[in-house]
Number of protein chains: 2
Amino acid sequence: MSVTIYDLAREAGVGIGTVSRCLNNHPSVSAETRAKVLEVIKRLSYQPHASAQRLASKKTNTISAIIPFFTNYFFIQVLQGVQDKAAEFGFDLILYGVNNTSQAEYYLRRSLHRGHVDGVMFFSMKLPESYVQKFQQIRLPLVLVDAYHPEFDSISVKNLEGATMATRHLLKLGHTNIAMINASLATQPARDRMEGYRIALEEADVPFRNDRVFISEIGKQDGFNREAGRASMEDLIGKNSGKDRVTAVFIASDVQSMGALEGAAELGVRVPEDLAIVSFDDIELAQHAQLTTMRQPMYEMGVLALEKLTTRMKNPDAPPSQTTFLPSLVVRRSCGARVPSEQLV
Amino acid sequence: MSVTIYDLAREAGVGIGTVSRCLNNHPSVSAETRAKVLEVIKRLSYQPHASAQRLASKKTNTISAIIPFFTNYFFIQVLQGVQDKAAEFGFDLILYGVNNTSQAEYYLRRSLHRGHVDGVMFFSMKLPESYVQKFQQIRLPLVLVDAYHPEFDSISVKNLEGATMATRHLLKLGHTNIAMINASLATQPARDRMEGYRIALEEADVPFRNDRVFISEIGKQDGFNREAGRASMEDLIGKNSGKDRVTAVFIASDVQSMGALEGAAELGVRVPEDLAIVSFDDIELAQHAQLTTMRQPMYEMGVLALEKLTTRMKNPDAPPSQTTFLPSLVVRRSCGARVPSEQLV
DNA sequence: TTGAAAGCGCTAACAG
DNA sequence: CTGTTAGCGCTTTCAA
C-alpha cells in the first residue's frame, strides 16, 4: 500500500534507523547518506504515519482547548491568539466547545486519555476539584484561561481593578448617582466586578447602595446576555425618578450593554445624555455601538496561554505561573465624555 | 508505568485478544468473561492509548477544518454546527485557521498526512487543483463548505439567487435607481452576487449600469471588509446627485454594510430615508445595525457538512453530493420597508 | 468463545 | 556514522 520507512530503507540501501534519523534531522548522518535518503523520500513521495510516530515517540504535538459558548467574541479572539501561536509551534489544536457542564467533564476526561494530547487549555470555567489530582497525576500540562486555580498555570483579567477603573471614569465625569447592572453573583467575575464598583464609589465617598445594583439572571450564561441586560435596564429606568436619580451606570459586560441600549432606546432614555454607560469586555459590537468599555487583551491572552503550555511541557516541575492582565479603558460615546472624533475607535 | 491491556489480561487471567474484544464491545465474549475483564478495567482505572488504537485500527476519529479569517461570524456559526455534530459522533475537531494562501496549502498537506485525520472540511476557498488528485488518490474524504468543485461533496449558498432576491426586494419597494457595492470580482461570490443583481434589474426592465457598481478592494478579504464598504459608500455618495440619483443600494456583504453605514452617517446621508440598503450574510452585527439582509443558514450548513463527511467515510465510492442552500430575506429597518416593530429580529 | 501471534509504522537504544 | 533490534499498545486474523 503506502510507502513506509522500510521501503525507503530498501530503496536507498540503508537501514531504517538511518531513514528515521534523516526524518528527524538527527545530526549524526553523513551528508551524502542524507542526500540519498532525501532523494528517495521525495521520489516515492513518502509521508510519515502520524499515529505510528506518536505511538513510538510518545508525543502527539496536539493540544486541546475546552471552551464554553464558543461563539462568544471573547473566546474567538483568544482562540485566534492560541491558533496563531500553535501554528508557529507546529501544534494541532483540537477544539472542544462545551454547551453544558457535563460536557466539560467529558472533554476533560477525553483530554486525559493517554496518547491523546500533550496539553490542555481550559477556559472560563471552574476546574472540577476531582480533575485537579488527575492532571497532576498524569502530569498533563494544563493552563487555565480566564480562570484560576493555585496549582496550575493561569491567565486572567483583573476584573475587580477593571471595574474600579470603569466606575472611576464615571465619577471623574461628574456622576455621583451611579448604578450597576450585573449578572449572577454565582459567578466570580460578577462578584469581582461588583466589588470593584463598590471600591471606586467608596474611594469617592459615594455610598454604595444595594438598590442601585440591578441583576437579572434570565437567559443563558448566568445573565451575561442581551436579554438580561435589557430587563435590568428596564427595571432601572422604571424605578428611576426623583431628585437623586441615576445618571450613569456601569454594566458588567458588553453583551448586557447591547440589550440595555435597546431597552433605553425603547423607553426614550438617551445615551449618554440622560444616562451614561461604561461596560466591560470590548467585544466587536462595542465598537459599533460606540460603547465606552474596559478592554481585555484577548489576542495576547491566547498567545500567552500557548506559551505557558509549551513552557510547562519543557519544565514540568516549575511552580505554577499565574499572569493577570489589567484591562484598559476605551473611551467612546456611551459615557458622554467629549472625545475628538478621530480618537473614536 | 501506565496500565496496558497486558496488565489487564494478566490480572483477569485471559488473553489480550479477549481484553481488546471487551474494549470494543465485540459480541463474541461470554458474559462472565466480559464482567471479569470490565471489573479489572475499572479497578486498575485503565485507559486505552489513543495513538496505539489509531495505529492498529487505522482510524483516527479526528477531522480537520481549514478555515480562513476564522474570527468571522459566518465561520463561527458554521463551526458551531460542525462542532455540535462532531461531539455527537465522537469525533475530534482540529481547527486550522488560515491567514494566507500558503497556509491553506500547508494545512491541506498536513491533513493529508497518513494517520492524521479521517476527513477534511475546507471552507470558502478555492481548492488548489493540485490537491484534487491527492485527495482522490489517498481517498481521504473532503467536503467543501461555501465552495465548490465538481469532484467533491460540497455545501454552498445560492449567491446569485440570493442577490436576485435582495435586489427584487428593493425594486418591489419602488426603487429603480439601485446601485450595488461589491467586493473584488476575483472572487466567485462577488461575481455571482453581481450577476444576481443584474438579473433582477433586467427582469424589471431597469438597465444595468456599470457606473452604478462600486468596488473597493482595499483591506483584507478581497474587499469584503468594513473599510472597503465605507470607501465605496463615500464614492457613491460623492457621485450621487442630479435627477436620477441612487435611492437604494445592494451591498455584497454585511461587513461592508457596516462600513457603508458609517460613511453614510458621516456624510449626512440617512438610512433608509435617503438611501435604502439591503445586504448579504446576516452576521450578528446585522441585527444590531438593523440591516435588511439575506440570511445564510450557517449552523445548518455546519451540521450538514459533518454529516456529508461521515456519509462519505462509510461510502467512499458514492458520487459527489452537492447541496446548495437558498438564503432567505430578513427584513429590518435599513431597507425602509414598513415592518411591525415586533417583527424586527 | 478464546489465546497466541503477527502486524500497524515508527523511535531509540545498542552495538559496531 | 550506521544497521539491528527491541519495543510503543493496540487490533485482528487464525487456530484451537
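Heavy atoms only: backbone and side chains are in, while hydrogens, waters and symmetry mates are out.
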*Asks:* Any idea how Phe123(B) and Phe75(B) line up, ring-wise: parallel (<30°), tilted (30 to 60°), or perpendicular (>60°)?
*Replies:*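 Correct class here is perpendicular.
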
*Asks:* Tell me if a side-chain donor or acceptor on Asn225(B) pairs with a main-chain N or O of Lys220(B) at a distance below 3.5 Å.
*Replies:*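 Between the backbone of Lys220(B) and the side chain of Asn225(B) there is a qualifying donor-acceptor contact (under 3.5 Å).
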
*Asks:* State whether the side chain of His116(B) and the backbone N or O of Arg110(B) hold a donor-acceptor pair below 3.5 Å, judged by distance alone.
*Replies:*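 Yes: the side chain of His116(B) pairs with the backbone of Arg110(B).
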
*Asks:* May I ask you to decide whether Lys42(A) forms a salt bridge with Glu39(A), counting only side-chain N to carboxylate O separations under 4.0 Å?
*Replies:*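 Salt bridge absent between Lys42(A) and Glu39(A).
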
*Asks:* Roughly, in whole Å, what's the span from CZ in Arg21(A) to C1' in dA13(C)?
*Replies:*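 Distance, rounded to whole Å: 10 Å.
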
*Asks:* May I ask you to decide if Ile16(A)'s main-chain N or O and Ser20(A)'s side chain share a donor-acceptor pair within less than 3.5 Å?
*Replies:*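 Looks like no, no N/O pair under 3.5 Å.
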
*Asks:* I need the NE2-P distance between His113(B) and dG9(C), as an integer number of Å.
*Replies:*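 Value for this atom pair: 15 Å.
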
*Asks:* CG of Leu55(A) versus P of dC8(C): gap in Å, rounded?
*Replies:*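 Interatomic distance, CG of Leu55(A) to P of dC8(C): 14 Å.
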
*Asks:* Does a side-chain N or O of Ser20(A) approach OP1 or OP2 of dA12(C) to a distance below 4.0 Å, or not?
*Replies:*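 Checking Ser20(A) against dA12(C): no side-chain N or O falls below 4.0 Å of OP1 or OP2.
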
*Asks:* Under 4.0 Å between a side-chain N or O of Lys58(B) and OP1 or OP2 of dG9(C)?
*Replies:*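 Affirmative; the distance criterion is met.
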
*Asks:* Does Ser51(B) offer a backbone N or O that forms a donor-acceptor pair with the side chain of Arg114(A) under 3.5 Å?
*Replies:*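 It does not hold such a pair.
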
*Asks:* For Ser57(B) and for His26(B), find the nucleotide of DNA chain C with the closest heavy atom, then tell me which residue's nucleotide is more 5'.
*Replies:*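 Of the two residues, His26(B) wins.
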
*Asks:* Kindly calculate the angle separating the two end axes of the helix from dT1(C)-dA16(D) to dG16(C)-dC1(D), each obtained from five base pairs, and round it to 10 degrees.
*Replies:*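 Taking five pairs per end, the axes differ by 40°.
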
*Asks:* Under 4.0 Å between a side-chain N/O of Arg114(A) and OP1 or OP2 of dC10(D), yes or no?
*Replies:*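 For Arg114(A), the contact criterion (side-chain N or O under 4.0 Å from OP1 or OP2 of dC10(D)) is met.
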
*Asks:* Closer than 3.5 angstrom, by distance alone: can the side chain of Asp84(B) be matched with the main-chain N or O of Gly81(B) as a donor-acceptor pair?
*Replies:*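 A pair under 3.5 Å: no.
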
*Asks:* Does anything in residues 4-16 of chain A come within less than 4.0 Å of DNA chain D? Heavy atoms only, and list the residues if so.
*Replies:*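 Only Gly13(A), Val14(A), Gly15(A), Ile16(A) qualify.
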
*Asks:* State which of dG3(D), dT1(C), dG7(D) makes the closest approach to the side chain of Ala56(A).
*Replies:*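 Looking only at heavy atoms from C-beta outward on Ala56(A), the closest nucleotide is dG7(D).
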
*Asks:* Using atom CG of Asn24(B) as one end and atom P of dG9(D) as the other, report the distance to the nearest whole Å.
*Replies:*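 Rounded to whole Å, this separation is 17 Å.
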
*Asks:* Does a side-chain N or O of Thr18(B) approach OP1 or OP2 of dG3(C) to a distance below 4.0 Å, or not?
*Replies:*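 For Thr18(B), the contact criterion (side-chain N or O under 4.0 Å from OP1 or OP2 of dG3(C)) is met.
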
*Asks:* Are any side-chain N or O atoms of Thr60(A) and backbone N or O atoms of Asp118(A), one a donor and one an acceptor, separated by less than 3.5 Å?
*Replies:*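 Yes; at least one donor-acceptor contact below 3.5 Å.
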
*Asks:* Is a donor on one side and an acceptor on the other found under 3.5 Å between the side chain of Asn100(A) and the backbone of Ser102(A)?
*Replies:*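 A pair under 3.5 Å: yes.
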
*Asks:* Can you pull out the residues from residues 31-54 of chain B that lie within a 4.0 Å heavy-atom distance of DNA chain C?
*Replies:*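 Going residue by residue through residues 31-54 of chain B, the ones with a heavy atom under 4.0 Å of DNA chain C turn out to be Thr33(B).
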
*Asks:* Which atoms form the tightest heavy-atom contact between Gly302(B) and Val82(B), and what is the distance?
*Replies:*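 Of all heavy-atom pairs spanning Gly302(B) and Val82(B), the closest is O-CG2, 3.5 Å.
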
*Asks:* State plainly whether the residues Arg312(B) and Asp153(B) are in salt-bridge range, i.e. N to O under 4.0 Å.
*Replies:*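 Salt bridge flag = yes for Asp153(B) with Arg312(B).
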
